[in-house]
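The next block holds one structure in the form of structure tokens; read it before the comments.
The chains referred to below are lettered A, B, ... by the order of the sequence lines, with proteins before strands, and numbering in each begins at 1.
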Amino acid sequence: MEYEFRSIEAKWRKEWQQRGTYKVTEDSNKPKYYVLDMFPYPSGAGLHVGHPLGYIASDIYARYKRLSGFNVLHPMGYDSFGLPAEQYAIQTGQHPAITTEQNIARYREQLDLMGFSYDWSREVRTSDPNYYKWTQWIFKQLFNAYYDVQLNKAQPISKLIEAFEAMGSAKINAHSEVTHHFTAAEWKAMSSSKQEEILQDYRLAYLAESWVNWCPALGTVLANDEIVNGVSERGGHPVEQKRMMQWSMRIKAYADRLLDGLDRIDWTDALKEQQRNWIGKSKGASVHFEVKGNAAKIEVFTTRPDTIFGVSFMVLAPEHPLVTVLTSATCKDAVEAYQKESALKTERDRQSDVKNISGVFIGAYALHPFTGQEIPIWIGDYVLASYGTGAVMAVPCGDQRDYDFARHFQLPIPAIFENVDLSEVAYTEKEAKLTQSDFLNGLDVKSAMEKAIEAIEAKGIGKGKTNFRLRDAVFSRQRYWGEPFPVYYEQGIPKLVNDEHLPITLPEVDAYLPTADGEPPLARAPKSAWNCALGDRMEFNTMPGWAGSSWYFLRYMDPQNQLEFASKVKLDYWKQVDLYIGGSEHATGHLLYARFWTKALYDLGFISFDEPFAKLINQGMILGKSAIAYIGPDAKMVSYDMLPAETTGFREVRILIDLINDDESIQLEALRAWQPQYADQQFVTNAAGKVLVKREVDKMSKRWYNVVTPDDLCEKYGADTLRMYEMFLGPLEQSKPWDTKGITGVHNFLKKYWRLFHLNGTFEVHDTEPSATALKTLHKTIKKLADDLERFSFNTGVSSFMICVNELTEQKCTNRHILEQLTILMAPYAPHICEEIWSKLQPTATSIFDQQYPQFNEAYLQESTFDYPVSFNGKMRFKVNLPLTLTPQEVQAHVLALPEAQKWLEGNAPKKVIVVPGKIVNMVL
RNA sequence: GCGGAUGUGGUGAAAUUGGUAGACACGCCAGACUUAGGAUCUGGUGCCGAGAGGUGUGCGGGUUCGAGUCCCUCCAUCCGCACCA
């Protein structure tokens with residue numbers, strides 16, 4: 001009887017769906033386990049073999065947990081708002097909802113083929129009004145909250161208003177970028193628009209004019225993590241800085257907690273480090289410098305207050321607001337010219353221009369707070385307006401950039417470190433003691449730092465301060481295909497839409513482009529197109545892509561709930577995601593924002609945990625092997641091994657990899673038929689009459705013609721083979737190029753497994769007493785498997801099955817017990833074939849996934865006749881405690897006489913015995 | 001520049017607390033059966049050597065009875081951040 005994978009897999013796909021095998025409900029009798037995949041954006045290209053890698057791993061783990069007696073939540077959904085559908089809409093006029101719907105249908109079809117155990121009744125889509133109703137609702141909660149620094153948590157804004165009413169701004173300890181001073185009476189006298197303006201400086205979701213990354217080509221603002229090398233992540237368009245009124249999220253208030261929380265979660269060091277870098281905490285002090293002949297003060301941030309006596313000049317960012325105020329008449333022209341020049345430079349130019357030192361003296365002097373010395377003030381574009389205060393106190397002897405600047409403009413470099421040579425470079429280490437530094441003389445860095453801050457605070461010219469690289473997250477997009485804000489304006493004041501009007505659904509528009517006067521697309525909608533139009537106008541911006549993905553893991557717990565984003569009971573049952581699998585490209589985007597929202601919702605009392613993802617695994621990327629052919633100046637396509645040494649005039653073209661044979665040669669006729677430009681292609685073949693291509697590893701993408709789809713492989717080898725092969729490829733977390741060649745090995749293995757049950761052509765197992773050798777094989781496989789799963793080592797897991805089946809085949813094992821156990825073990829990896837076998841082993845059973853792993857039960861392992869430590873590759877290790885004086889031969893004799901050694905050897909002689917003095921004996925059978 | 005990771009056969013990779021390096025699979029070689037197929041089965045396969053044997057986990061050192069594994073120096077590749085004061 002052949003292994004008919006196509007019919008078997010089709011049969012069980014249907015059965016599982018009809019029976020609702022994978023539906024889960026809360027069950028207080030069972031421990032819960034939540035396994036989650038990062039939900040995909042449903043793009044028009046469909047899935048390639050790289051996408052399911054993480055899904056397969058999580059599916060195996062979810063099934064394993066389920067078989068181990070856990071109540072497993074394993075849902076899937078779609079991050080269905082996004083740019084590509086909108087771009088397509090702009091080009092074709094087709095509503096993005098239709099495109100999205102079609103793409104989702106295609107995704108679902110592909111996902112179903114792979115046999116995943118998702119509970120599809122819990123599917124969520126971020127673009128579904130029933131879902132984004134609650135995204136809007138959460139926005140409202142964040143709008144109505146501020147961050148209390150004292151309590152170190154978010155609080156309802158009403159408490160802040162109460163405090164203002166009672167005692168003004170005096171004792172307020174709320175996180176804000178600005179400081180307000182008013183009394184209770186003054187507060188009460190303010191107009192409501194003035195009050196709102198102040199409250200905006202405290203709300204977690206707030207409206208503010210801010211420098212934003214503006215992408216003219218996309219007509220929208222982008223977050224920092226949506227920009228790669230100065231161009232937009234999607235589309236690669238240039239990005240410039242622009243000041244705009246935008247919604248933002250006060251994530252900076254959570255900077256410290258986002259750092260601390262990392263110590264409590266099980267993520268890789270690499271990823272935690274990325275988030276730490278992104279948050280970029282640095283401790284130091286802010287110091288105010290007085291300006292000679294001017295009332296203005298310049299505030300600087302420094303991480304080295306101990307070097308304050310080494311200051312010999314100051315540098316402001318060209319955009320610094322004080323520059324125009326302080327510039328002297330004689331320097332005005334030069335300063336303005338420089339300002340213009342640096343404003344023209346894009347962020348990218350500035351970055352690539354690191355080595356060119358530039359700057360201008362503005363003709364003003366600051367006064368040193370301790371020595372009263374005059375310090376020339378310069379502007380220079382190495383100082384960034386957006387970090388710290390946009391101004392630095394330059395200490396050329398201790399900072400390389402300041403040093404270079406001083407050298408270039410021949411400014412003094414005062415030496416304040418004992419015995420340090422400053423002739424070539426600045427001294428940036430922290431070992432030397434201070435000198436020429438008044439009250440800091442002779443101190444080491446650490447104590448000088450403390451003393452300097454003390455002195456600065458005592459003098460009232462500054463204080464110890466911590467700075468973060470992390471910026472508040474811009475939350476507005478000038479786009480159509482996103483969540484509308486639950487916000488309207490009345491006389492310019494933003495107001496929240498009441499809950500009963502939610503969701504504010506996306507209005508229909510006549511085009512998905514900005515209006516003529518630059519308003520976002522939603523401004524095109526007449527009032528009548530809104531399901532709820534209030535005030536003077538609605539908010540025309542939409543939310544960014546990360547809004548919906550910052551909380552979706554909560555909605556899976558209770559996706560149909562019309563009254564709450566999820567019920568308290570269900571939230572308390574499922575709690576955190578126990579295992580989250582997805583790509584590392586979300587390290588500083590989604591994973592940070594989701595943590596932020598989770599903490600905010602926790603503070604406001606909606607959930608009982610403040611970290612969303614307890615354990616996270618980043619699956620590696622599956623890359624494609626592009627096929628590159630060479631076309632010479634004479635337009636002939638030249639075989640790669642026939643290329644001349646000199647290839648000028650040759651161009652590289654990428655060829656659809658389906659047209660390449662296993663020996664790297666092109667199927668010439670197929671190429672001619674593929675694209676019109678190759679219809680009459682001439683070739684230069686090699687000695688074998690073939691045209692070879694070069695292989696290069698790229699991201700898997702349509703544009704490189706290197707995509708391999710799971711559909712084709714499922715058709716050819718079956719989903720079970722594909723699942724196991726993807727796991728077999730290598731460690732889950734490692735990136736690797738896709739190579740289909742090895743898949744036959746896994747396919748053969750499944751055929752071998754099938755044959756175990758069909759030795760004589762029909763299904764046949766025997767209820768005999770299992771042989772000792774078969775039990776040995778089974779038990780070592782169980783131990784190995786349990787261990788592999790604990791370590792998420794799925795590749796070695798697959799190998800273990802191969803070894804097990806090889807051994808059982810050799811033993812001609814037809815024992816029911818042994819084969820049943822093996823089948824349960826393998827079911828998470830190859831669900832279809834194992835379910836089919838199971839239905840024959842246990843004709844009355846419903847599903848193999850309703851079983852429990854007796855295997856991973858301690859008691860079962862105790863009962864086993866092989867309760868000594870045995871490693872998987874047949875190696876047996878004995879720990880013995882013998883005198884060191886014994887010879888190796890004597891030790892060997894002693895060990896061979898041990899009862900467990902006798903049992904292990906079963907009368908056979910060991911192939912090899914390795915004796916290590918006094919400690920361990922290894923024996924190989 | 002800073003931070004993180006990775007270097008093992010022709011290839012993907014194993015090696016769990018330091019204990020036979022290369023399991024398992026692909027590929028390749030030889031053979032069997034064949035309606036000569038991209039089927040199936042058997043055996044072999046790190047490198048050098050006819051052989052015994054030698055040698056071998058990016059380079060060089062160290063600790064240890066014993067190092068792919070631990071420590072130090074260097075090299076290469078990949079990823080993230082980058083004028084962050």
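Atom CG of A/Asp787 and atom P of B/A23 are 20 Å apart (whole Å). Between the CZ atom of A/Phe794 and the P atom of B/A14 there is a distance of 14 Å, rounded to whole Å. Residue A/Glu810 contributes atom CD, which lies 14 Å from atom P of B/C41 at whole-angstrom precision. Nucleotide B/A14 holds its P atom 10 Å from the NZ atom of A/Lys784, rounded to whole Å. At whole-Å resolution of the value, CG in A/Asn795 and C1' in B/G12 are 10 Å apart. A straight line from CG of A/Asp399 to C1' of B/C83 spans 9 Å, rounded to a whole angstrom. Between the CG atom of A/Leu316 and the P atom of B/A85 there is a distance of 18 Å, given to the nearest Å. Atom CG of A/Asp269 and atom P of B/G80 are 18 Å apart (whole Å).
Residue A/Arg276 places no side-chain N or O under 4.0 Å from the OP1 or OP2 atom of B/C84. Contact between the side-chain N/O atoms of A/Asn277 and the OP1/OP2 oxygens of B/A82 is not found at any separation under 4.0 Å. OP1 or OP2 of B/C79 has not a single side-chain nitrogen or oxygen of A/Asn618 nearer than 4.0 Å. Regarding contacts with the backbone of B/C84, every side-chain N or O of A/Lys281 stays at 4.0 angstrom or more from both OP1 and OP2. Within the structure, a side-chain polar atom (N or O) of A/Ser282 is placed less than 4.0 Å from OP1 or OP2 of B/A85. For A/Arg469 and B/A82, the shortest distance from a side-chain N or O to OP1 or OP2 is below 4.0 Å. When the side-chain nitrogen and oxygen atoms of A/Asn661 are compared with OP1 and OP2 of B/G38, none of them lie within a distance under 4.0 Å. Put simply, A/Arg755 has a side-chain N or O that comes within less than 4.0 Å of OP1 or OP2 on B/C41. Contact annotation: A/Gln734 side-chain N/O to B/A13 OP1/OP2 distance is under 4.0 Å. For the OP1/OP2 pair of B/A85 and a distance below 4.0 Å, the side-chain nitrogens and oxygens of A/Tyr382 include no atom meeting the criterion.
The separation of B/G60 from B/A76, taken at their C1' atoms, amounts to 15 Å, rounded to a whole angstrom. Rounded to whole Å, the separation between the P atoms of B/A67 and B/G62 comes to 12 Å. The C1' atoms of B/G12 and B/C28 are separated by 15 Å, rounded to the nearest whole Å. Remark: the separation of the C1' atoms in B/G56 and B/C47 is 7 Å, to the nearest Å. B/C74 and B/G51: their P atoms are spaced 43 Å apart (whole Å). A gap of 12 Å separates the C1' atoms of B/A15 and B/C24, to the nearest Å. For the C1' atoms, the distance from B/U69 to B/G18 is 6 Å, rounded to whole Å. The gap from the C1' atom of B/G27 to that of B/C48 amounts to 22 Å, rounded to the nearest Å.
Its glycosidic angle being more than 90° from 0, B/G7 falls on the anti side. Glycosidic conformation of B/G37: syn, with the torsion inside 90° of 0.
In this structure, A/Glu696 contributes its side chain and A/Ser626 its backbone to no donor-acceptor pair below 3.5 Å.
Position along RNA chain B of the nearest nucleotide to A/Arg401 versus A/Leu729 favours A/Leu729 as the more 5'-ward residue. Along RNA chain B, the nucleotide nearest A/Asp402 and the nucleotide nearest A/Ser584 are compared for position; the residue whose nucleotide lies closer to the 5' end is A/Ser584.
A/Lys716 comes within 4.0 angstrom of a base, heavy atoms only. Among the protein residues, A/Asp788 comes within range of no part of the nucleic acid, since none of its heavy atoms lies under 4.0 Å from any strand. As judged by a 4.0 angstrom heavy-atom cut-off over every strand, A/Phe728 is placed among the base-contacting residues. Within the 4.0 angstrom heavy-atom criterion, no nucleotide atom of any strand lies near A/Asp739. Using a 4.0 Å heavy-atom distance criterion, A/Pro737 is classed as making no nucleic acid contact.
Side chain of A/Leu384, nearest nucleotide from B/A85, B/A13, B/A14: B/A85. Relative to the side chain of A/Asp381, the nucleotides B/G4, B/U40, B/C83 differ in distance, and B/C83 lies closest. Listed nucleotides B/G80, B/C81, B/A85 differ in distance to A/Thr302; the shortest reach to its side chain belongs to B/A85. Checking B/C84, B/C26, B/A15 against every side-chain atom of A/Arg471, the shortest atom distance belongs to B/C84. Distance from the side chain of A/Pro731 is smallest to B/A14 among B/C24, B/A14, B/U40.
Under the 4.5 Å side-chain criterion, counting only non-hydrogen atoms from C-beta, A/Ile782 is in contact with A/Leu825.
Shown here, B/U40 forms a base pair with B/A32; the pair counts as Watson-Crick or G-U wobble because both key distances fall under 3.5 Å. Pair assignment for B/G18: none, as no Watson-Crick or G-U wobble contacts are both less than 3.5 Å. B/G7 is paired with B/C75 under the criterion used here, namely a Watson-Crick or G-U wobble arrangement in which both key atom distances are under 3.5 Å. B/G1 is paired with B/C81 under the Watson-Crick or G-U wobble criterion, all donor-acceptor distances under 3.5 Å. Under the Watson-Crick or G-U wobble criterion, with both distances below 3.5 Å, B/A23 has no partner in any strand shown.
Aromatic rings of A/His747 and A/Tyr725 (six-membered ring for Trp) have centroids beyond the 6.0 Å cut-off, not under it.
Between A/Lys281 and A/Asp256 there is a salt bridge, with a side-chain nitrogen of the basic residue lying less than 4.0 Å from a carboxylate oxygen of the acidic one. A salt bridge links A/Lys784 with A/Asp788; the closest basic N to acidic carboxylate O contact falls under 4.0 Å. Between A/Arg401 and A/Asp399 a salt bridge is recorded (basic side-chain N to carboxylate O distance below 4.0 Å). Electrostatic pairing of A/Asp263 and A/Arg276 counts as a salt bridge here, judged by a charged N lying under 4.0 Å from a carboxylate O. A salt bridge links A/Glu715 and A/Arg6; the closest N-O separation between the charged side-chain nitrogens and carboxylate oxygens is under 4.0 Å.
With hydrogens and angles left out, the side-chain atoms of A/Glu807 and A/Thr777 include a donor and acceptor closer than 3.5 Å.
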